[in-house]
Amino acid sequence: MTTVSSTPTTTPTTISTSTTIPTTITPATSPQPAMRLRELVFGAACAAAVRAAARLGVADALGQSPATVAELAEAVHAEPQPLRRLLRALTCYGIFVETQDGKFAHTEMSRLLREDDPHSLRYISLWCTEPWTWHAWPRLDDAVRSGGNVFQELFGKGFFDYLHQDAHDSAHVFNKAMTTSSAQSALDVAELLDLTGVSVVADIGGGQGHVLASLLEKYPDVRGTLLDLPGVVERADPRLRHGGSLAARAEIVAGDCREAIPVEADLYIIKNILEWDDDSTRRTLRNVIEAARPGARVVIIENLVDDTPSMKFTTAMDLMLLLNVGGAKHTKESLVNRMTAAGLVLGEIRPVNPYLHAFECTVPLSG
């Protein structure tokens, strides 16, 4: 996982914390096909409304009890009437709810836009609606025709070069989105994996090392290594760095897994880094096999486009990858084909959570 850095943003102060159960307005029945298609072609309006609410910090300003538009507008420094229109649009999608007395209250989805929610999707929502996305999406037909990304033509440079050099605010959002997503899934991975018999675990391309830290906390006799690009590991999870609670059992290695994996371990974890392009995937898997001893475990964790609970999200991410880097999310079959082509011996495939699957593999024995 590659990250970049920039300056953080701020959010408004919550205006209310007392608890009140709102009286909700009954949602409309399911629309007919023609109306549904009309709604879909205006999907950009919904995405823009979510983005606006996240940037304004409406969810952060709204407490546990309903609030008037005037109260919310004052808290987020907005005009009341346009804010009412924004909230009215969002309630159609179950993001906030309007009470019978004209106030607005939280729903399960609107709480996910709060920055302090343990399952927050605020930065994911911002990342998926960054300014460059509005330039790229209209060119999806060109990407489908060519099979390659359109980013170079649009911006004159590759995607990550653009983030590093020209879009520092977007880079910050990307960092926060990847960090929160990784931190949230790390506990699920640690819950799933059994490290019985493992002495050393390696998190390859592991970003800031949230998965590794969660595993080391669960298994106090295990040592671990985090490998990722220099600019990434310098911001590793504080628990893994010098002075951290896990530092004595953790090694941080700066490197590119596509070039070499100078790490010896009993278990190698590869999470969400095999989606950029086929060449990167082949090189990474080859390097794991070259580094590992025969019989070592390799666990590959990925989103799948044929993963039913999250197909709408992952197929959308798949199209975004096509646009920005020419990459692709995997089907179960495509990922299995690449693993077996690399020489890994496939074992069990298990869901980690509604968005991720874990592919348990081993490095073949000699001879």
Side-chain angles (χ1 to χ4, degrees), residues 6-28 39-40 42-134 137 167-181 183-184 312-313 316 320:
S6 187
T7 305
T9 56
T10 58
T11 54
T13 303
T14 300
I15 61 174
S16 177
T17 56
S18 61
T19 57
T20 301
I21 304 299
T23 303
T24 60
I25 297 173
T26 304
E39 293 170 356
L40 288 174
F42 259 116
C46 178
V50 173
R51 178 177 178 81
R55 284 175 59 84
L56 288 167
V58 179
D60 298 283
L62 179 59
Q64 295 302 313
S65 60
T68 66
V69 170
E71 291 170 330
L72 290 170
E74 181 179 2
V76 302
H77 309 294
E79 290 295 322
Q81 188 56 31
L83 181 59
R84 175 178 290 280
R85 294 164 66 182
L86 175 67
L87 289 168
R88 179 178 61 196
L90 288 168
T91 62
C92 295
Y93 299 94
I95 305 169
F96 302 107
V97 64
E98 187 174 3
T99 64
Q100 290 184 341
D101 59 357
K103 295 181 179 181
F104 288 89
H106 270 303
T107 63
E108 290 183 2
M109 279 200 289
S110 66
R111 287 190 181 93
L112 296 175
L113 291 177
R114 290 185 62 94
E115 190 159 0
D116 62 0
D117 189 275
H119 304 290
S120 177
L121 295 177
R122 180 175 187 264
Y123 283 99
I124 291 291
S125 300
L126 291 173
W127 171 242
C128 293
T129 56
E130 280 297 280
W132 61 266
T133 68
W134 304 97
W137 281 122
H168 294 161
D169 288 343
S170 189
H172 169 68
V173 169
F174 177 70
N175 281 349
K176 294 288 287 187
M178 296 302 101
T179 298
T180 56
S181 178
Q184 290 163 6
K312 289 182 179 178
F313 175 74
M320 183 179 283

Donor-acceptor under 3.5 Å (Thr107 side chain, Gly94 main chain)
yes
Which heavy atom in Ala53 sits nearest to a heavy atom in Leu86, and how many Å separate them?
N-CD2, 4.2 Å
Looking at every heavy atom in both Tyr123 and Val173, which two are closest together, and how far apart are they?
O-CG1, 3.8 Å
Could you check whether any side-chain heavy atom of Phe104 comes within less than 4.5 Å of a side-chain heavy atom of Glu71, counting everything from C-beta outward?
no
Determine the minimum heavy-atom distance between Asp60 and Asp116, stating which atoms define it.
OD1-N, 4.4 Å
Under 3.5 Å donor-acceptor, His106 side chain and Ala59 backbone
yes
Show your working on side chain to side chain contact (heavy atoms under 4.5 Å, CB included) between Glu108 and His119 and close with a plain yes or no.
CA-CA 11 Å; Glu108 290 183 2; His119 304 290; over 6 Å; no
Can you name the closest pair of heavy atoms from Leu126 and Arg51 and give their distance?
O-NH1, 3.0 Å
Just checking Gln184: does its CD atom have more than 12 heavy atoms from other residues, nucleotides or ligands closer to it than 6.0 angstrom?
yes
Val58 vs Leu83, test: side chain to side chain contact (heavy atoms under 4.5 Å, CB included). Steps then yes/no.
CA-CA 9 Å; Val58 179; Leu83 181 59; 4.1 Å; yes
CG on Leu113 to CD1 on Ile124, rounded to 0.5 Å:
12.0 Å
Got a second to check how far Arg55's CZ is from Arg122's CZ, nearest 0.5 Å?
9.0 Å
Do we see a donor-acceptor contact under 3.5 Å between the side chains of Ser170 and Glu130?
yes
Give the intermediate values and the outcome of side chain to side chain contact (heavy atoms under 4.5 Å, CB included) for residues Arg111 and Gln64.
CA-CA 10 Å; Arg111 287 190 181 93; Gln64 295 302 313; 3.7 Å; yes
Could you tell me which non-hydrogen atom of Ala105 sits nearest to which non-hydrogen atom of Leu62, and how far apart they are?
C-CD2, 3.6 Å
Check: Leu121 main-chain N/O paired with Ser125 side-chain donor or acceptor under 3.5 Å
yes
Does Arg114 offer a backbone N or O that forms a donor-acceptor pair with the side chain of Ser120 under 3.5 Å?
yes
Mind checking whether Ile95 and Val50 have side chains closer than 4.5 Å, heavy atoms only?
yes
Start with the C-alpha gap between Met320 and Thr133, add the side-chain angles, then the distance that decides, and say whether side chain to side chain contact (heavy atoms under 4.5 Å, CB included) holds.
CA-CA 8 Å; Met320 183 179 283; Thr133 68; 4.0 Å; yes
Do you know the tightest heavy-atom contact between Lys103 and Pro66?
CB-CB, 3.8 Å
Thr68, Val69, Leu72 screened by side-chain contact (heavy atoms from CB on, under 4.5 Å) with Pro80, the one that passes
Val69
Specify whether Trp127 and Phe174 have parallel, tilted or perpendicular ring planes, treating 30° as the upper limit for parallel and 60° as the lower limit for perpendicular.
tilted
